[in-house]
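First the structure, in the form of structure tokens, and then the observations on it.
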Amino acid sequence: MESIELQQFSQRLPKIELHAHLSGSIRRQTLHEIWLTKKLKDPGFPLEDPMEVIPANGFNDIAAFFTLFSKYIYLLCNDVDAVTFSTYAVLKEFDEDGVVHLELRTTPRDFSETGMTKEDYVKTVLKTIETYEQSTKSTMKTTLILSIDRRDSPEKAQQCLDLALRYKDRGVVGMDLCGDPWKGDIHSFRGIFAEAKAAGLKITLHFAEAAETSSDDELFTLLSYQPDRLGHVIHISDAVKREISSKKIPLELCISCNIQVKMHPDVKCHGDHHFGEWWKEKTCPLVICTDDVGVFFSTCSNEYYIVAKNFGLSKKELWELSFGAIEAVFGDEARKEMLREAFLTWKINEGL
């Protein structure tokens with residue numbers, strides 16, 4: 001299959017994106033426009049132009065990647081106008097890329113410099129999703145996952161859960177554990193995730209991102225939270241892999257970002273990614289995700305193209321991969337059935 005034909009097919013393919021960080025999905029150009037607005041209002045605005053801060057070819061250093069958020073993006077997108085503008089732009093870009101179901105994830109924060117509270121932030125994101133869906137008549141459905149940062153105190157984690165429960169009927173569908181994998185104590189969040197699970201929220205966890213914090217003790221502790229999905233799943237022992245496989249936990253695999261920031265020393269190129277191993281074994285549902293398209297510059301369509309090109313998937317197999325993600329969606333059976341019907345209709349129309 002010719003590369004151009006495969007790229008075009010990947011673009012047309014209906015896709016489900018389940019691991020996309022809102023702040024990490026904001027494009028350099030969008031951040032630049034926010035920066036210009038702030039600079040016009042206040043010539044003394046201290047942040048540099050994001051076109052200078054974010055490399056044109058994306059990040060290839062994981063330490064610099066995490067610093068980008070704490071030292072820059074959170075300081076730039078710190079008011080209602082900036083959050084509204086950036087969220088709308090992110091939704092538009094996923095929509096134009098052929099994503100039909102999107103689950104954005106984000107960590108609520110208080111912004112003392114502007115007075116925007118955690119709740120203001122969540123309400124703004126949800127309102128923007130609602131506005132986008134109504135104003136564009138888009139068929140893309142978007143829901144929200146609230147993320148606890150590994151560095152959070154139990155009190156902050158509880159605040160995040162409280163917001164998730166408060167806005168459960170407005171579009172919040174689950175909870176996530178994310179953040180710098182070298183920081184924090186994951187054992188302190190056991191009660192939070194138990195409460196979330198009991199309240200009917202779904203759970204996804206960043207899992208085994210860094211070798212130094214991927215001991216069996218840590219990973220089996222995370223598995224004890226009864227996650228509905230796991231993200232990344234890079235550094236795992238055979239025992240952990242057997243446990244994941246036995247439970248058939250859906251995996252959110254983010255290929256480009258794992259390769260670009262060298263999250264595994266033995267994985268040098270896309271074809272070395274552990275997707276190939278899981279795809280061959282077919283023990284767990286797999287979902288191809290972008291993680292941070294604004295930082296790594298690889299769209300959902302491009303991730304599917306990368307998979308097909310490097311692991312030899314046919315058009316039909318690419319469709320099956322995307323179709324299989326439906327079962328991992330944090331939604332009710334009616335939503336899943338709607339997606340199945342749409343995917344099957346597309347398959348017939350495509351002549352697969």
Side-chain angles (χ1 to χ4, degrees), residues 10 12-20 94 97-105 139-145 168 171-177 193 196-197 199-208 222-223 225-233 236 240-255 273-291 300-301 303-304 307-308 311 313-348 350 352:
S10 298
R12 293 195 306 273
L13 181 71
K15 294 169 288 290
I16 291 173
E17 169 61 87
L18 302 181
H19 189 124
F94 276 114
D97 190 42
V99 172
V100 296
H101 186 93
L102 172 64
E103 291 178 10
L104 286 175
R105 59 184 69 189
T139 57
M140 181 180 74
K141 173 68 175 176
T142 303
T143 56
L144 195 63
I145 296 169
K168 186 167 174 279
V172 175
V173 294
M175 298 282 293
D176 170 39
L177 181 64
F193 283 103
K197 194 81 173 179
L201 289 168
K202 297 291 187 177
I203 294 173
T204 179
L205 304 172
H206 282 63
F207 193 86
L222 290 173
L223 288 173
Y225 297 169
Q226 301 179 53
D228 299 283
R229 296 196 310 251
L230 296 172
H232 296 294
V233 195
I236 58 172
V240 171
K241 186 175 183 181
R242 284 194 297 271
E243 182 70 9
I244 293 170
S245 297
S246 70
K247 294 182 175 180
K248 300 186 183 304
I249 303 173
L251 308 181
E252 307 156 355
L253 300 184
C254 310
I255 297 175
H273 194 272
H274 52 287
F275 166 84
E277 184 179 336
W278 287 102
W279 174 252
K280 181 179 179 181
E281 295 176 3
K282 299 191 184 304
T283 54
C284 294
L286 305 180
V287 187
I288 299 302
C289 304
T290 56
D291 201 12
C300 198
S301 292
E303 292 298 288
Y304 274 86
V307 164
F311 299 100
L313 273 67
S314 65
K315 289 181 178 180
K316 184 178 179 182
E317 287 173 321
L318 270 189
W319 178 87
E320 290 172 349
L321 177 61
S322 190
F323 182 77
I326 294 172
E327 299 310 310
V329 164
F330 288 173
D332 58 21
E333 187 56 33
R335 176 59 185 165
K336 292 180 182 180
E337 185 57 31
M338 186 183 302
L339 287 168
R340 291 187 199 105
E341 290 177 3
F343 270 69
L344 290 168
T345 298
W346 186 91
K347 181 184 179 186
I348 293 170
E350 190 72 18
L352 289 180

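Residue numbers start at 1 and run along the sequence shown. As the structure is a prediction and not an experimental result, all values here were calculated from the model.
- Salt-bridge check for Glu103 with Lys141: failed, with every basic side-chain N at 4.0 Å or more from each acidic carboxylate O.
- For Lys316, the NZ atom counts as loosely surrounded, since its 6.0 Å shell holds 12 or fewer non-hydrogen atoms of other residues, nucleotides or ligands.
- Cation-pi check for Arg229 over Phe330 is met; the charged atom lies under 6.0 angstrom from the ring centroid and within 45 degrees of its normal.
- Put simply, the side chain of Arg340 reaches to within 4.5 Å of the side chain of Phe323, judged on heavy atoms.
- Rounding to the nearest 0.5 Å places SG of Cys254 at 7.5 Å from NE2 of His273.
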**OP:** Verify side chain to side chain donor-acceptor pair (under 3.5 Å) between Thr283 and Lys248, making sure each step is shown before the conclusion.
**Re:** CA-CA 6 Å; Thr283 54; Lys248 300 186 183 304; over 6 Å; no

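- Remark: side-chain polar atoms of Lys15 are paired, donor with acceptor, to backbone N or O of Ser10 under 3.5 angstrom.
- Side chains of Glu17 and Thr290: a donor on one and an acceptor on the other come within 3.5 Å.
- For Lys280 and Trp278, the positive end is not near the middle of the six-membered ring at less than 6.0 Å and at most 45° from its axis.
- No donor-acceptor pair closer than 3.5 Å links the side chain of Lys202 to the backbone N or O of Gly200.
- Between Thr204 and Asp176, the side chains place no donor N or O within less than 3.5 Å of an acceptor N or O (distance only, hydrogens not considered).
- You'll find the side chain of Leu230 reaches within 4.5 Å of the side chain of Leu223, heavy atoms only.
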